[in-house]
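Here is the structure we will look at, set down as structure tokens.
When a ligand or atom number is given, it counts from 1 through the structure's own listing order. Since the model is a prediction, treat every value here as computed from it, not as a measurement.
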Amino acid sequence: MNAQPRRVEHLQTDKGSVPVYTTAVIEQPWSTYSATDHAVWTQLFRRQRELLVGRADEEFLRTQDAMGMGEDRIPKFDELNRMLRARTGWELIGVEGLLPELTFFEHLANKRFPVTWWIRTPERLDYLSEPDLFHDLFGHVPLLMNPVFADYMQAYGQGGVRAHGFGPEALAQLTRLYWYTVEFGLINTAAGLRIYGAGILSSKGESIHCLDSPAPNRIGFDLERIMRTRYRIDTYQKTYFVIDSYQQLMDATRPDFAPIYARLTNEPTLPAGEVLATDRVFSRGSGEGWSNDGDV
Ligand code: PHE
Ligand code: CO
């Protein structure tokens with residue numbers, strides 16, 4: 001029997017909260033979850049599923065059910081892995097907390113998705129400054145069953161490994177792409193705008209804010225625009241980018257990024273809340289759902 005894995009969280013210092021990185025890959029210590037851990041999963045699962053009907057991409061909800069992720073208990077990585085391996089060749093690996101960037105990219109490039117083994121405590125149901133099991137498993141894992149999205153995640157990892165050779169600016173641009181798609185992306189479906197980004201899917205407040213609040217911008221996906229757009233990690237997003245399909249993500253990111261990195265070095269970055277004349281802005285008609293101003 002392995003030793004109980006560590007629960008690696010940020011450190012409180014006199015400079016504020018500092019992220020801590022860890023590279024260990026561990027076995028999910030499923031039998032050590034307490035009744036409270038399972039109860040936290042149940043509560044969060046129920047709350048989000050109720051909220052996400054009509055808000056999350058339908059495929060996300062359907063796949064979550066099909067994978068057997070349910071409200072009753074924390075899922076076992078082994079059980080999810082059987083389905084993932086068969087469908088897209090991906091597997092979940094247990095980790096203790098945040099990974100260093102290059103380690104994270106290498107896992108993705110090899111179709112391994114790192115999942116934090118521990119779940120938040122009841123005192124911090126609504127906001128954590130780092131990923132936990134609920135965010136990673138509930139938010140990220142269902143779309144790894146979609147072959148196109150799964151390929152995008154792998155290509156992203158490979159691109160990240162490459163980007164290391166191009167320097168910190170290239171890495172910052174690539175991180176913005178991940179942030180505005182995998183974590184905070186919206187998708188334009190026949191039924192209207194829907195959520196697919198895991199950072200939204202695992203957050204009660206942001207699930208509502210991103211679609212129902214008049215405050216944030218909702219802008220059509222544009223690769224280089226996104227790679228220039230800064231973001232905030234401690235508030236709801238000021239801008240969400242909307243894809244038309246997962247295929248669009250794949251197609252837009254297939255080209256060699258080397259010339260893009262080179263070109264963007266000379267362009268200023270953009271603040272999170274700005275709207276440009278060239279942006280395709282989505283807006284809410286009078287009770288009519290979402291429309292794309294660029295198309296009318
Ligand atoms: N095409 C990118 C490159 O040449 C890799 C990449 C794919 C990056 C998908 C992000 C997402 O580096
Ligand atoms: Co995440």
Is it true that some N/O/S atom of Glu183, main chain or side chain, lies under 2.8 Å from the Co ion (ligand 2)?
yes

Specify the protein heavy atom at minimum distance from atom 11 (C) of ligand 1: its residue, its atom name, and the distance to 0.1 Å.
Thr253 CB, 3.6 Å

With the Co ion (ligand 2) as the apex, the NE2/NE2 angle for His135 and His140 - to 10°:
90°

Is the distance between the ring centroids of Tyr246 and Tyr152 under 6.0 Å?
no

Side-chain (Arg218) to main-chain (Cys210) donor-acceptor, under 3.5 angstrom
yes

Is the ring pair His140/Phe113 parallel, tilted or perpendicular, if the boundaries are 30 and 60 degrees?
tilted

Regarding ligand 1, does Gly159 bring an N or O atom to under 3.5 Å of one of the ligand's N or O atoms?
no

Measure the distances from the heavy atoms of Tyr178 to every atom of ligand 1 and state whether one is below 4.0 angstrom.
no

For atom 6 (C) of ligand 1, the closest protein heavy atom turns out to be Ala155 O, 3.6 Å

Can you name the side-chain contact (heavy atoms from CB on, under 4.5 Å) partners of Ile208, sequence neighbours left out?
Leu51, Arg55, Asp212

Where's the contact between Arg254 and ligand 1, heavy-atom distance under 4.0 Å: side chain, backbone, both or neither?
backbone

Part of Pro255 with heavy atoms under 4.0 Å of ligand 1, whether side chain, backbone, both or neither
backbone

How close does the nearest protein non-hydrogen atom get to atom 4 (O) of ligand 1, and which residue and atom is it?
Arg162 NH1, 2.5 Å

Nearest protein heavy atom with distance in Å, relative to atom 8 (C) of ligand 1:
Phe257 CE2, 3.4 Å

Looking at the rings of Phe241 and Phe184, which for Trp means the six-membered one, are their centres under 6.0 Å apart?
no

Check the orientation of Phe138 and Trp41. Use parallel for under 30°, tilted for 30 to 60°, and perpendicular for over 60°.
perpendicular

Here's a test for you: under side chain to side chain contact (heavy atoms under 4.5 Å, CB included), which of Leu128, Asp136, Thr36, Leu133 qualifies with Ile119?
Leu133

